[in-house]
Amino acid sequence: MTSDDAVHSNGPAAASEARIEADVVVVGAGLAGLVAAAEAYAAGRRVAVLDQEPEASAGGQAHWSFGGLFLVNTPEQRRLGVRDSAQLALADWLSSAAFDRPEDALARQWAEAYVDFAAGEKRAWLASLGVSLFPLVQWAERGGYGPDGHGNTVPRFHVAWGTGPALVAPFLAKLREGVAAGRVSFYFRHRATELTTTAGRLSGVRGEVLATSAAARGEQSSRTAAGAFEADAGAVVVTTGGIGGNHDAVRRQWPGGGAPASMLSGVPASVDGDFLAAVDRAGGRLINGDRMWHYPEGIHNHSPVWPQHGIRILPGPSALWLDATGRMLPAPLFPGFDSLGALRHILGTGHTHSWFVLNKTIAMKEFALSGSEQNPDLTGKDLRLLANRLKPAGDSPLQRFLDRGVDFLQAGSPAELAAKMNSLTGAPLIDAAELDRLVRSRDRQFTSGLGKDPQLAAIRAARRFATDKIMRVAPPHRMLDPRHGPLLAVRLSVLTRKSLGGIQTDLNSRVLDGAGRPVAGLYAAGEAAGFGGGGIHGYRALEGTFLGGCLFSGRAAGRAAASAL
């Protein structure tokens, strides 16, 4: 973002700008907000974008993301021999979502529309914006519960070439054009707190102008008020995100109670969900708050940016996944198969952590780290660096975690590893003899050449897919083979990430009230709206659907808000 006069950022000087006027006000400068604002501007409207964070954080969570996109029946899939279709993708989506509430009717319509988008114009639309795709499609959330159960039947996780920043860039560029034309204004450090009405109709928002902050992207910024503002508009689009940075809110909404006592944050502290209450007060309906998407494979970031900063391991299928007491998670809860199922199982043991046990060969082949900053090759579009991913060595992001990560342990034997695991947690939960027996039993299954271990069968099946064989799944081997050592244990924590519920909207992103009627002039998109309809994912996500949900719902909101004026 430039420092144009129309970019009102950071400081008491902005407090004199007590009144803002625009056709469309967008609350939140994350991906959904930028898309909505760009669409409204492209339709000829004057647009004001408000955000409580400094200008440095424009793009929100999307900037930090891996850039994963759910796409269906693409040339990238077909080149890898993957046969996909909109019908198969929708069947997978509905099996995973398991919609079972009356209020899910609109969410299901959103799901059907989104799958059509992912199988239709989404790829071409992104290409028209200059977004290209990494050619090796990934296979996330593989399921394993049978043909009608949760999971992706085929690989659909396409990574944007340039990761999250590449998705944010075209919309920021479009809005910079609007700033130069005098039709788009950014108001950073403007924290919206209330929706306003005039003569019984929504007329804008009001809130606080926050004090200057030098916080860098993602860093926690102050909430000290330096003034107040009111923004008048014909339409307001709410794109304030979810609650993942607000652990108190996460615990309050945890399904059935029993939230973990300690969690890592996969999102900055600014993802606080505070503005959702303002939508509720204005008559908008909030639904499915107990549906959330948090990960069980979180690790402490050795160089944290925000409070309790965690990184997710995107695992291949070969590590042994053990609960806190050293027992293997049951099939099909192998790494990368069912995030929510694994999370529920782990917390059901009465502990909040679990372990990956593996060796260095498996780790270097199969561990990917979520986030743009942990993937400099893809983010920087660096082909030379990308080639090193296939033969990891030197100062890679993963090697830095092996060297510096508090959760990573290395040992020469299962007994030594068990001792280190117990030392790290401060409790004698891992029995050394039992860990040794488990690892050796696994090795015997490999040396048999066939075996009865369903995880080894899953590994062999995965290697039939080209991407997995090239870069995601290590050839099966004995874990205790010294050529593949040392042994590793990685402590895993619960990592907060996404809200699956939110503001209920119709297919035009109009906010609905408790009676199902649109709240005139009010729209919502992105995570604040459950990525569409108040919960497009139902109970489970197929991955690559969050950024795409921001794109799809943000586009709908921006177009609908502009056309209604």
Side-chain angles (χ1 to χ4, degrees), residues 20 24-37 40 47-54 57-64 168 171 186-196 202 204-208 210 218 220-221 223 229 231 233 235-246 248-250 253 265 267-289 292 306 496-505 509-511 519 521-532 534-535 546-547 549-551 553-554 556-558 561:
I20 299 166
V24 177
V25 166
V26 177
V27 186
L31 180 60
L34 297 178
V35 174
V47 182
V49 182
L50 315 178
D51 198 279
Q52 64 186 359
E53 294 306 298
S57 286
Q61 296 177 64
H63 174 89
W64 297 99
V168 172
F171 303 103
F186 281 87
Y187 296 87
F188 295 102
R189 301 298 283 161
H190 282 59
R191 181 173 182 265
T193 57
E194 292 290 339
L195 290 156
T196 59
L202 185 80
V205 298
R206 68 165 61 97
E208 302 168 336
L210 302 178
Q220 190 168 19
S221 63
R223 292 293 176 262
F229 75 91
V236 174
V237 183
V238 177
T239 60
T240 51
I243 64 172
N246 183 342
D248 288 340
V250 169
Q253 295 182 197
S265 286
V267 295
S270 57
V271 186
D272 53 28
D274 284 355
F275 197 68
L276 294 175
V279 175
D280 181 56
R281 290 190 294 271
R285 188 184 184 197
L286 306 180
I287 62 173
N288 298 323
M292 296 179 280
W306 54 78
T496 65
R497 187 61 67 85
K498 292 290 187 296
S499 307
L500 298 187
I503 305 164
Q504 191 173 36
T505 59
S509 289
R510 297 183 299 178
V511 174
V519 178
L522 186 58
Y523 301 80
E527 192 175 351
F531 303 95
F546 302 127
L547 292 171
C550 289
L551 294 168
S553 63

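Only a predicted model underlies this, so the values are computations on that prediction, with no experimental measurement involved.
When the side-chain contact (heavy atoms from CB on, under 4.5 Å) test is applied to A282, the partners found at least two apart in sequence or on another chain are L195. Residues that satisfy the side-chain contact (heavy atoms from CB on, under 4.5 Å) test with S57, not counting sequence neighbours, are E53, R217. Remark: R510 engages D506 in a salt bridge (charged side-chain N to carboxylate O under 4.0 Å, His left out) (not counting sequence neighbours). By the salt bridge (charged side-chain N to carboxylate O under 4.0 Å, His left out) test, D272 pairs with no residue at all, sequence neighbours left out. Not counting sequence neighbours, the partners of R206 by the side-chain contact (heavy atoms from CB on, under 4.5 Å) test are E194, T196, E230.
To the nearest 0.5 Å, the span separating CG on L210 from CZ on F229 amounts to 9.0 Å. Atoms CZ and OG1, on F531 and T505 in that order, are 12.0 Å from each other to the nearest 0.5 Å. If you take CD1 on I243 and CZ on R497, they are separated by 14.5 Å, rounding to the nearest 0.5 Å. Rounding to the nearest 0.5 Å places OG of S499 at 7.5 Å from CG of L276.
Side chain of S553 to backbone of G532: no donor-acceptor contact under 3.5 angstrom is found. The backbone N or O of F188 lies less than 3.5 Å from a partner atom in the side chain of H190, making a donor-acceptor pair. Under the 3.5 Å distance criterion, the side-chain polar atoms of Q504 are left unmatched by any main-chain donor or acceptor of R285.
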Donor-acceptor contacts, no H, no angles, side chain residues 25-35, under 3.5 Å, sequence neighbours left out:
none

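Between E527 and K498, the shortest heavy-atom contact is OE2-CA, 3.2 Å. Closest heavy-atom contact between P268 and Q61: CD-CG, 4.3 Å.
Ring orientation note: the planes of W64 and W306 are nearly perpendicular, at an angle over 60° on the 30°/60° scale.
Judged by distance alone, the side chains of S221 and R223 do bring a donor and an acceptor atom under 3.5 Å apart.
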